[in-house]
Enquirer: 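One structure, pasted below without further comment.
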Amino acid sequence: MRSEIQRFQSLDELSVTSAEYICQIAQQAVAEHGHFTMALSGGNTPRTLYELLAQEPYIHTIPWSETHLFWGDERAVPVEHPDSNAAMVSQALIKHIPIPLHNVYRIPTEGNTPEEAAAHYESLLHEMLPVFASSPHIPGIPVFDLILLGLGKDGHTASLFPDSPVLNESSRWVSATPVPSMQPPVRRITLTFPVLNAAKVVLFLVSGQEKHEIVNTIIEHPDQARSLYPAAHVRPEGILRWFIV
Ligand code: 6PG
């Protein structure tokens, strides 16, 4: 794993650098294996980035026809609900870009229990394996070209919360979670560590002064951090980058 940290003065600056980086990874992935697979994060921090990606130059420089969009996690609410991560990304990005809609793979919350939604999403990942880069280390696991993640004030990432039984999941790729102690108080569906850690690149987008100490602990004292913060368990085979403001 190669790990890098970059600090920014503003969310706009962080978002522009993220957009540039995503564009570069997308073009490289398409040149190497014909597709670009990205898992998107929820929360507030990436919204500005998503809005930027829907504008010039990215609307024309990202190879949207070869891009396949997934979600790292979702709240168990219907897709039109204000707390839906899919709705947020749809409004900020998807409805403005020339991506074929069959390349957008939402976590199917409506009409399913969180367990059913997780099982459907895992089956979908199995079906979509041909679009993923292949792992030299763990045959058969989906290797995302890029996974975007956020960091919560309690050290959670995706929907992997402190003390959750899902933190120990080693075989399932997608799991339902209990209701976390953070807002909104609804169950979630999340990618698990085996998938996060198989990615080529994981990019954390972190905003908020109160999270800086958590990031410092994860970077400077990784062993101690692993017992405190789920995000410290993200150690991808490829590159781990932290963009912080
Ligand atoms: C979610 C997430 C979650 C989020 C962090 C950070 O669905 O809530 O995907 O892991 O990324 O809570 O959120 P903020 O960017 O809003 O601080």
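Side-chain atoms are counted along with the backbone in the values below, which use heavy atoms only and exclude waters and symmetry mates. Counting convention: from 1, in listed order, for ligands and their atoms alike.
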Enquirer: So if I count the atoms of ligand 1 from 1 in the order they appear, which ones are less than 4.0 Å from some heavy atom of L151?
Expert: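 Counting atoms of ligand 1 from 1, those under 4.0 Å from L151 are 6 (C).
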Enquirer: Check whether the side chains of T190 and S159 place a donor and an acceptor atom closer than 3.5 Å, and report yes or no.
Expert: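 No, because no side-chain N or O of T190 sits under 3.5 Å from a partner of the opposite role on S159.
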Enquirer: Any atom of ligand 1 sitting under 4.0 Å from a heavy atom of K211?
Expert: yes
Enquirer: Can you name the closest pair of heavy atoms from L93 and Y50 and give their distance?
Expert: CD1-O, 3.4 Å
Enquirer: For atom 2 (C) of ligand 1, grab the closest protein heavy atom and report residue, atom and distance to one decimal in Å.
Expert: D73 OD2, 3.3 Å
Enquirer: Compare every heavy atom of A176 with every heavy atom of R187, then report the nearest pair and how far apart it is.
Expert: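 Closest pair (atom of R187, atom of A176, distance): NH2-CB, 3.8 Å.
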Enquirer: Please report which non-hydrogen protein atom sits nearest to atom 12 (O) of ligand 1, along with the residue it belongs to and the distance in Å to one decimal place.
Expert: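 Nearest neighbour among protein heavy atoms for atom 12 (O) of ligand 1, to 0.1 Å: H156 NE2, 2.8 Å.
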Enquirer: Locate the shortest heavy-atom distance separating V186 from V179; write the atom from each residue and the value.
Expert: N-CG1, 3.9 Å
Enquirer: Any idea which protein heavy atom is nearest atom 13 (O) of ligand 1, and the distance to it?
Expert: G43 CA, 3.7 Å
Enquirer: Which heavy atom of the protein is the closest neighbour of atom 10 (O) of ligand 1, given with residue, atom name and distance?
Expert: A158 O, 2.6 Å
Enquirer: May I ask you to list the atoms of ligand 1 that are less than 4.0 angstrom from any heavy atom of S41?
Expert: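 The list of qualifying atoms is 11 (O).
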Enquirer: Any atoms of ligand 1 less than 4.0 Å from a non-hydrogen atom of N85? List them with their elements.
Expert: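 With N85 as reference, the close atoms of ligand 1 come out as 1 (C), 7 (O).
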Enquirer: Hey, is ligand 1 close enough to G42 that some N/O pair sits below 3.5 Å?
Expert: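 Looking only at distances, the answer is yes, because the N/O contact criterion of under 3.5 Å is met.
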Enquirer: So, for A39 and W71, which heavy atoms are closest and what is the spacing to 0.1 Å?
Expert: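 Heavy atoms only, the tightest pair is CB-C, 4.3 Å.
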Enquirer: Does ligand 1 have any atom that is closer than 4.0 Å to a heavy atom of K153?
Expert: no
Enquirer: Should the ring pair Y121 and F70 be called parallel, tilted or perpendicular, given that the plane angle runs from 0 to 90° and is split at 30 and 60?
Expert: perpendicular
Enquirer: Looking at every non-hydrogen atom in both residues, tell me the closest pair between I147 and V195 and how far apart they are.
Expert: CD1-O, 4.0 Å
Enquirer: Starting from atom 8 (O) of ligand 1, which protein heavy atom do you reach first, and at what distance in Å?
Expert: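 Checking every protein heavy atom, the shortest distance to atom 8 (O) of ligand 1 gives R75 NH2, 2.8 Å.
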Enquirer: Please state which protein non-hydrogen atom is closest to atom 16 (O) of ligand 1 and give its distance, to 0.1 Å?
Expert: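 Result: N44 N, 2.7 Å.
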Enquirer: Quick one: look up the protein heavy atom nearest atom 15 (O) of ligand 1 and list residue, atom name and how far away it is.
Expert: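 The protein heavy atom lying closest is T45 OG1, 2.5 Å.
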Enquirer: Describe, in one word, how the ring planes of Y105 and H68 are oriented to each other, choosing from parallel (under 30°), tilted (30 to 60°) and perpendicular (over 60°).
Expert: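 Rings of Y105 and H68: parallel, under 30°.
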Enquirer: Could you pull out the closest heavy-atom pair between A76 and T109, with the gap in Å?
Expert: CA-CG2, 4.1 Å
Enquirer: Please identify which atoms of ligand 1 are closer than 4.0 Å to at least one heavy atom of R188.
Expert: 1 (C), 7 (O), 8 (O)
Enquirer: Do you know which of I244, D154, L151 makes side chain to side chain contact (heavy atoms under 4.5 Å, CB included) with K211?
Expert: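 In the set I244, D154, L151, the residue that makes a side chain to side chain contact (heavy atoms under 4.5 Å, CB included) with K211 is L151.
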Enquirer: Below 4.0 angstrom from a heavy atom of G150, which ligand 1 atoms are there? Numbered from 1 as shown, please.
Expert: 11 (O)
